[in-house]
There are 2 protein chains.
Amino acid sequence: MFKTEPSTDKGEQTRRHIFDCALELFRENGFDATTMQEIALRADVAKSAAYYYFPGKEAIIQAYYEAVQDEQERVCRRIFAGSGNLKARLAAAMHAKFDLAKEDRKLLGVVFRYTGEPEHPLSCLGAGTEEIRRRSIGVFREAIAGERLPKDLDQLLPVALWSLQMGLLILFLYDRSEGQRRTRRLADGALELTLKLLALAKLPVLKPVRTKVLSLLREADLLPEG
Amino acid sequence: MFKTEPSTDKGEQTRRHIFDCALELFRENGFDATTMQEIALRADVAKSAAYYYFPGKEAIIQAYYEAVQDEQERVCRRIFAGSGNLKARLAAAMHAKFDLAKEDRKLLGVVFRYTGEPEHPLSCLGAGTEEIRRRSIGVFREAIAGERLPKDLDQLLPVALWSLQMGLLILFLYDRSEGQRRTRRLADGALELTLKLLALAKLPVLKPVRTKVLSLLREADLLPEG
DNA sequence: GTCTATATAGCGATAGAC
DNA sequence: GTCTATCGCTATATAGAC
């Protein structure tokens with residue numbers, strides 16, 4: 001990956017300090033309007049010190065997204081330990097990320113900047129972000145862990161829910177309703193629908209459809225273990 | 001929009017010439033590796049002449065995407081005039097864009113660069129690209145024009161098909177199979193499934209689901225005429 | 001390993017020529 | 001309206017100091 005993990009205490013502190021200052025500036029003036037120069041200035045280090053820890057501004061955003069992911073996992077693990085209700089667990093996973101990102105919607109948008117560029121190390125669907133994506137999908141895997149589903153659905157659901165979350169995150173960024181309640185309602189509705197479809201998927205009429213969907217996705221290499 | 005429409009013949013020629021040279025360079029060296037300086041150099045104009053016609057490199061990509069859209073419409077109109085088969089029309093619309101972009105997959109990725117930034121003029125979901133998006137959806141509207149569907153589905157389908165196309169386009173960029181046949185098969189399968197679901201949507205069992213989906217999307221402002 | 005000083009090259013804005 | 005010359009600012013690589 002991209003990170004230059006500092007190996008000393010002092011380095012760790014400097015890195016953290018640069019990171020904090022950068023986020024401050026991003027929040028004050030926006031991502032594009034902030035320069036590495038300004039970040040270094042506020043952190044009281046030379047510009048090249050900032051580059052030593054982060055290859056560029058985008059790497060700082062990536063670190064920010066990883067922090068959000070850490071926090072989501074912490075929150076979800078606590079909730080999953082308590083509740084046995086599937087719908088509540090899924091809703092918690094979805095809304096946790098919204099809650100964490102709601103003050104930083106402009107920053108979050110940058111995470112999607114290289115979605116269309118497979119080779120870019122920061123492409124949110126590319127090889128460079130595989131680990132964080134695996135963790136992000138893992139949250140949903142844990143959410144449905146107790147459900148005893150057929151094996152194919154057990155593979156399909158976490159990826160499907162993660163895709164849903166990514167799509168909703170984009171809508172979230174465009175949602176100008178207060179507290180983004182429009183997107184939150186859509187998320188709730190989509191989850192309800194997912195659960196309904198999950199039940200329907202077992203009906204005889206829909207059996208061929210279910211098989212078709214799964215084989216299509218498998219062929220397109222969109223499911224784990226090809 | 002972003003365009004500086006030249007009003008003289010000479011201006012139109014210069015613009016076109018800069019555009020052609022830029023595309024050449026993008027194809028040779030990639031988008032990010034190409035500078036406005038180099039573009040101007042190849043086009044035999046001053047750098048600021050390039051900036052006079054295009055506010056930046058991204059604007060050139062936007063113009064490229066508009067050219068692709070023009071061509072897709074031309075191709076589709078010809079096909080739609082001939083064939084009455086719904087599935088063939090939809091497949092034609094999907095594959096037309098793939099065919100046009102297949103040599104320029106790296107360039108196309110840049111079109112998605114500002115997807116997560118609503119205010120950016122080049123955000124492919126933002127206000128600045130509304131016209132081209134309307135046209136892109138319109139292709140699917142024309143494809144289903146002869147179908148006499150219930151009014152709600154008539155509104156839903158074009159937007160749904162356009163979303164499908166956008167999603168498939170991203171997979172298309174990541175698809176390293178020869179001729180991107182993996183994505184093309186997925187597209188065919190997804191269309192088949194869509195038509196199947198369209199038929200199923202009329203079954204009594206699924207009536208509440210259909211209503212739910214439509215009201216959800218309407219609430220989230222994802223359908224025309226709110 | 002941590003960080004600074006320095007150097008090159010591109011971006012994009014401006015004033016103004018034609 | 002079309003285009004040029006020029007300028008200040010930024011990104012980022014490199015050599016090397018501590």
Side-chain angles (χ1 to χ4, degrees), chain A residues 1-22 24-26 28-63 110 113-114 117 119-122 128, chain B residues 1-22 24-26 28-63 110 113-114 117 119-122 128:
Chain A
M1 265 284 304
F2 233 15
K3 255 185 300 191
T4 309
E5 280 298 356
S7 21
T8 66
D9 249 30
K10 192 172 169 232
E12 177 61 46
Q13 272 185 14
T14 310
R15 182 191 156 88
R16 175 79 206 193
H17 183 234
I18 291 170
F19 179 73
D20 290 338
C21 291
E24 272 179 37
L25 282 164
F26 290 162
E28 285 169 24
N29 308 323
F31 179 79
D32 288 310
T34 302
T35 71
M36 286 295 266
Q37 185 71 263
E38 289 170 320
I39 294 170
L41 191 71
R42 176 162 305 194
D44 250 317
V45 295
K47 190 168 50 157
S48 9
Y51 275 104
Y52 174 71
Y53 287 105
F54 301 97
K57 279 193 290 176
E58 274 96 353
I60 302 181
I61 285 293
Q62 186 70 5
V110 179
R113 201 168 267 192
Y114 300 103
E117 290 151 90
E119 308 300 329
H120 198 286
L122 292 170
Chain B
M1 265 288 304
F2 231 13
K3 256 184 299 190
T4 310
E5 280 298 355
S7 19
T8 67
D9 248 28
K10 192 170 169 229
E12 176 61 46
Q13 274 185 11
T14 310
R15 182 192 156 88
R16 176 78 206 195
H17 184 234
I18 291 170
F19 178 74
D20 290 337
C21 291
E24 272 179 36
L25 283 164
F26 291 161
E28 285 169 23
N29 309 322
F31 180 79
D32 287 311
T34 303
T35 71
M36 286 295 266
Q37 186 70 262
E38 289 170 322
I39 294 169
L41 191 71
R42 177 161 307 194
D44 250 317
V45 295
K47 188 170 53 158
S48 7
Y51 276 106
Y52 174 72
Y53 287 105
F54 301 97
K57 279 192 291 177
E58 274 97 352
I60 301 181
I61 285 293
Q62 186 70 5
V110 180
R113 202 168 265 192
Y114 301 102
E117 291 151 88
E119 309 300 330
H120 198 286
L122 292 170

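Chain A is the first sequence line, chain B the second, and so forth, proteins listed ahead of strands; every chain is numbered from 1.
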| query | Do Arg113(B) and Ile61(B) come close enough that some side-chain heavy atom pair is under 4.5 Å? | reply | no

| query | Ile18(B) CD1 to dT2(D) P: how many Å, rounded? | reply | 11 Å

| Atom-pair distance (CZ on Arg15(A); P on dC3(C)), nearest Å | 12 Å

Which pairs would a plain distance check flag for residues 33-42 of chain B, meaning a side-chain donor or acceptor within less than 3.5 Å of a matching protein atom at least two apart in sequence or in another chain?
| from | atom 1 | to | atom 2 | distance (Å) |
| --- | --- | --- | --- | --- |
| Thr34(B) | OG1 | Leu25(B) | O | 3.4 |
| Thr34(B) | OG1 | Gly30(B) | O | 2.7 |
| Thr35(B) | OG1 | Gln37(B) | N | 3.4 |
| Thr35(B) | OG1 | Glu38(B) | N | 3.0 |
| Glu38(B) | OE1 | Thr35(B) | N | 2.9 |
| Arg42(B) | NH1 | Glu24(B) | OE1 | 2.8 |
| Arg42(B) | NH1 | Glu28(B) | OE2 | 3.0 |
| Arg42(B) | NH2 | Glu28(B) | OE1 | 3.1 |

| Looking at residues at least two apart in the chain, or sitting in another chain, which of them share a salt bridge (charged side-chain N to carboxylate O under 4.0 Å, His left out) with Asp44(B)? | none

| field | Listed partners of Ala43(A) passing side-chain contact (heavy atoms from CB on, under 4.5 Å), at least two apart | value | His17(A), Ile18(A), Cys21(A), Val45(A)

| message | Just to verify, what does Asn29(B) make a side-chain hydrogen bond (donor to acceptor under 3.5 Å, both in side chains) with, not counting sequence neighbours? | response | none

| message | Measure NE2/His17(A) against P/dC3(C) and give the value in whole Å, please. | response | 12 Å

| message | Run the ring pair (Phe, Tyr, Trp, His ring centres under 6.0 Å) test against Phe19(A) and tell me which residues pass, sequence neighbours left out. | response | none

| query | For nucleotides 4-18 of chain C, read 5' to 3', which letter fits each nucleotide if B means a protein heavy atom sits under 4.0 Å from the base, S means only the sugar-phosphate is that close, and - means neither? | reply | BB----SBB-B----

| Is there a side-chain polar atom (N or O) of Thr14(B) under 4.0 Å from OP1 or OP2 of dC3(D)? | yes

